[in-house]
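Presented below is the structure to which this report refers.
Keep in mind that the numbers below use all heavy atoms, side chains included, and drop hydrogens, waters and symmetry copies.
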Number of protein chains: 2
Amino acid sequence: MFSIGTLAKRTGTKVQTIRYYEQIGLMPEPGRTDGGQRRYGDVELDRLSFIRHSRQLGFSLGAIRELLDLSDSPERSCAQVDAVAQKQLREVEARIARLEALRVELRRMISECNAERVADCRILEVLRDHEGCLSDHQQPTP
Amino acid sequence: MFSIGTLAKRTGTKVQTIRYYEQIGLMPEPGRTDGGQRRYGDVELDRLSFIRHSRQLGFSLGAIRELLDLSDSPERSCAQVDAVAQKQLREVEARIARLEALRVELRRMISECNAERVADCRILEVLRDHEGCLSDHQQPTP
DNA sequence: TATACGATCTACAGCAACTGTAGGTTCAAG
DNA sequence: CTTGAACCTACAGTTGCTGTAGATCGTATA
Ligand SMILES: [Zn+2]
Ligand SMILES: [Zn+2]
Ligand SMILES: [Zn+2]
Ligand SMILES: [Zn+2]
């Protein structure tokens with residue numbers, strides 16, 4: 001049995017983040033000391049490690065909740081788990097595609113600016129007028 | 001002179017977003033009708049277009065504020081403008097690098113899973129244990 | 001055993017950048 | 001003059017935390 005601070009250290013999480021996960025029901029309510037302080041065991045350590053690692057791989061808390069629920073049914077097919085991961089992969093790929101388009105535009109506008117004065121700055125020109133762009137980029141970056 | 005709805009339509013912005021920009025001082029307080037409704041002109045249209053296009057290129061509202069301020073001094077050197085754009089490019093590149101690392105891990109764990117049962121799912125195994133990963137990925141994706 | 005002091009407690013505010021809602025008012029077309 | 005779409009303010013909610021204040025707890029040391 002160990003304290004929230006120890007759990008935090010062992011998982012590279014902030015104490016408040018752990019309490020936040022508890023608040024939204026992602027971490028279970030742990031036992032308490034007589035004085036009211038949280039006490040954790042290895043089950044909670046594993047669960048939090050899972051959550052943190054999934055976060056590092058970009059999964060949303062919603063997706064992580066789903067994955068945790070699924071892993072409670074070891075006999076079921078893992079097709080749903082795989083689907084969650086596939087979806088995450090597609091999202092990552094979509095974000096990469098968007099960012100690569102941005103990179104092209106940014107590089108171009110930076111390289112085209114040889115001006116000294118703000119009045120002639122190519123960067124500001126492009127920002128004022130999308131005609132100076134190659135790609136579409138409708139939605140502001142998420 | 002036109003209404004906030006017209007301005008919204010012409011710039012592809014939501015009405016609330018325009019009011020939000022006004023609230024945080026990114027858009028100026030416009031004139032009003034006798035009844036209290038906002039009325040805009042071409043100056044505001046240009047400014048909002050600039051803001052929206054910059055957002056589409058991933059600039060933060062803080063950066064956009066800086067760019068707008070800089071563009072008010074047409075005689076000054078555009079070095080600062082260029083610096084803001086450079087910084088944005090570096091951020092985009094950093095995000096791409098992080099996402100590409102995630103993509104590798106996700107692809108790998110998906111391809112490695114040939115299990116039928118949740119109990120043997122490779123995806124869950126990797127999520128439980130970072131040892132199954134190739135790259136580091138310390139901070140949860142921003 | 002007493003004391004000190006770091007760790008923990010609750011509750012709430014704040015971040016970015018919006019989006020959505022409720023309840024009321026105004027504008028403009030017919 | 002009526003009607004209804006558009007507008008108004010004010011505030012709550014989104015995601016995933018992070019920071020703060022003021023009080024309490026736990027434990028090592030004297
Ligand atoms: Zn320039
Ligand atoms: Zn553009
Ligand atoms: Zn699987
Ligand atoms: Zn890993």
Side-chain angles (χ1 to χ4, degrees), chain A residues 1-27 29-40 44 48 50-68 88 91 95 98 137-142, chain B residues 1-27 29-40 44 48 50-68 88 91 95 98 137-142:
Chain A
M1 291 307 226
F2 37 85
S3 71
I4 195 170
T6 304
L7 180 61
K9 239 165 248 160
R10 289 205 200 162
T11 57
T13 315
K14 304 224 166 168
V15 166
Q16 296 106 302
T17 304
I18 299 173
R19 289 199 279 249
Y20 169 70
Y21 288 160
E22 182 184 328
Q23 196 187 306
I24 63 171
L26 200 56
M27 285 293 286
E29 289 184 23
R32 301 268 185 156
T33 63
D34 291 348
Q37 299 196 354
R38 291 167 178 84
R39 285 300 177 265
Y40 297 95
E44 288 89 355
L48 184 53
F50 183 98
I51 294 172
R52 288 269 99 191
H53 194 214
S54 303
R55 285 294 296 134
Q56 286 171 354
L57 288 163
F59 289 89
S60 70
L61 295 182
I64 294 169
R65 203 186 293 264
E66 224 178 309
L67 292 170
L68 285 166
Q88 174 63 14
E91 267 164 34
R95 290 175 69 185
R98 292 210 54 244
H137 28 245
Q138 290 320 319
Q139 53 279 10
T141 68
Chain B
M1 289 308 226
F2 38 86
S3 71
I4 196 170
T6 305
L7 180 62
K9 238 165 251 160
R10 288 204 199 163
T11 57
T13 314
K14 304 221 167 170
V15 165
Q16 295 107 301
T17 304
I18 299 174
R19 289 199 280 248
Y20 169 69
Y21 288 160
E22 180 184 329
Q23 196 186 306
I24 63 171
L26 201 56
M27 285 292 286
E29 289 185 21
R32 302 267 185 157
T33 63
D34 291 348
Q37 300 197 354
R38 292 166 178 83
R39 285 299 176 265
Y40 296 96
E44 288 90 355
L48 184 54
F50 182 99
I51 294 172
R52 288 269 99 191
H53 194 215
S54 303
R55 285 294 296 134
Q56 287 172 352
L57 287 163
F59 289 90
S60 70
L61 295 183
I64 293 168
R65 202 186 293 266
E66 223 178 309
L67 292 169
L68 284 166
Q88 174 62 14
E91 268 163 34
R95 290 176 68 187
R98 294 213 50 246
H137 28 243
Q138 289 321 317
Q139 52 279 9
T141 67

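- When each of Thr33(B) and Arg52(B) is assigned the nucleotide of DNA chain C with its nearest heavy atom, Arg52(B) is the one assigned upstream, toward the 5' end.
- No cation-pi contact links Arg10(A) to Tyr40(A), judged by a cut-off of 6.0 Å to the six-membered ring centre and 45° from its axis.
- An OP1 or OP2 oxygen of dT19(C) is reached within less than 4.0 angstrom by a side-chain nitrogen or oxygen of Thr17(B).
- In this structure, CZ of Phe2(A) is placed 17 Å from P of dG26(D), rounded to the nearest angstrom.
- Between the CE atom of Met27(B) and the C1' atom of dA17(C) there is a distance of 16 Å, given to the nearest Å.
- Between the side chain of Glu22(A) and the backbone N or O of Glu29(A) there is no donor-acceptor pair closer than 3.5 Å.
- Distance from the side chain of Arg39(B) is smallest to dC27(C) among dC27(C), dT8(C), dG19(D).
- With dG26(D), dA17(C), dG16(D) as the choices, the nucleotide that has an atom nearest any side-chain atom of Gln37(A) turns out to be dG26(D).
- Atom C1' of nucleotide dA17(C) and atom CD1 of Ile24(B) are separated by 8 Å, given to the nearest angstrom.
- Between Ser3(B) and the phosphate of dA6(D), there is no side-chain N or O to OP1/OP2 separation shorter than 4.0 Å.
- Each of Gly36(B) and Arg55(A) was matched to the nucleotide of DNA chain D holding its nearest heavy atom; the match closer to the 5' end belongs to Gly36(B).
- Using a 4.0 Å heavy-atom criterion, one finds that Arg65(B) contacts no nucleic acid atom at all.
- Among the protein residues, Ile4(B) comes within range of the sugar-phosphate backbone only, with heavy atoms under 4.0 Å from sugar or phosphate atoms but none that close to a base.
- Nucleic acid contact for Arg19(A): base, since at least one base atom lies under 4.0 Å from a heavy atom of the residue.
- One interatomic measurement links the two molecules: CG of Leu7(A) to C1' of dA7(C), which rounds to 14 Å at whole-angstrom precision.
- If you take CD of Gln23(A) and P of dA11(C), they are 10 Å apart, rounded to a whole angstrom.
- In this structure the side chain of His137(B) reaches within 4.5 angstrom of the side chain of His53(A), judged on heavy atoms.
- Rounded to an integer number of Å, the gap from OH of Tyr20(A) to P of dT8(C) is 21 Å.
- OP1 or OP2 of dG16(D) has not a single side-chain nitrogen or oxygen of Lys14(A) nearer than 4.0 Å.
- Computed from coordinates, the Leu61(A) CG to dG16(D) P distance equals 4 Å when rounded to whole Å.
- With hydrogens and angles ignored, a donor-acceptor pair under 3.5 angstrom links the side chain of Gln16(A) to the base of dG19(D).
- Contact check, Arg38(B) against dC7(D): no side-chain N or O comes under 4.0 Å of OP1 or OP2.
- Inter-residue side-chain proximity for Arg52(A) and Tyr21(A) is flagged as met; some heavy-atom pair is nearer than 4.5 Å.
- Within 4.0 Å (heavy atoms only), Phe59(A) reaches no atom of the nucleic acid at all.
- A donor-acceptor pair is defined here as one N or O able to donate and one able to accept, closer than 3.5 Å; no such pair exists between the side chain of Glu44(A) and the backbone of Met27(A).
- A 4.5 Å side-chain heavy-atom check between Ile51(A) and Ser54(A) finds every atom pair outside the cut-off.
- Along DNA chain C, the nucleotide nearest to Gly35(B) and the one nearest to Gly62(B) differ in position, and the one closer to the 5' end is contacted by Gly62(B).
- Rounded to whole Å, atom P of dA7(C) lies 19 Å from atom CZ of Arg32(A).
- Contact annotation: Tyr21(B) reaches the phosphate of dC18(C) (side-chain N/O to OP1 or OP2, under 4.0 Å).
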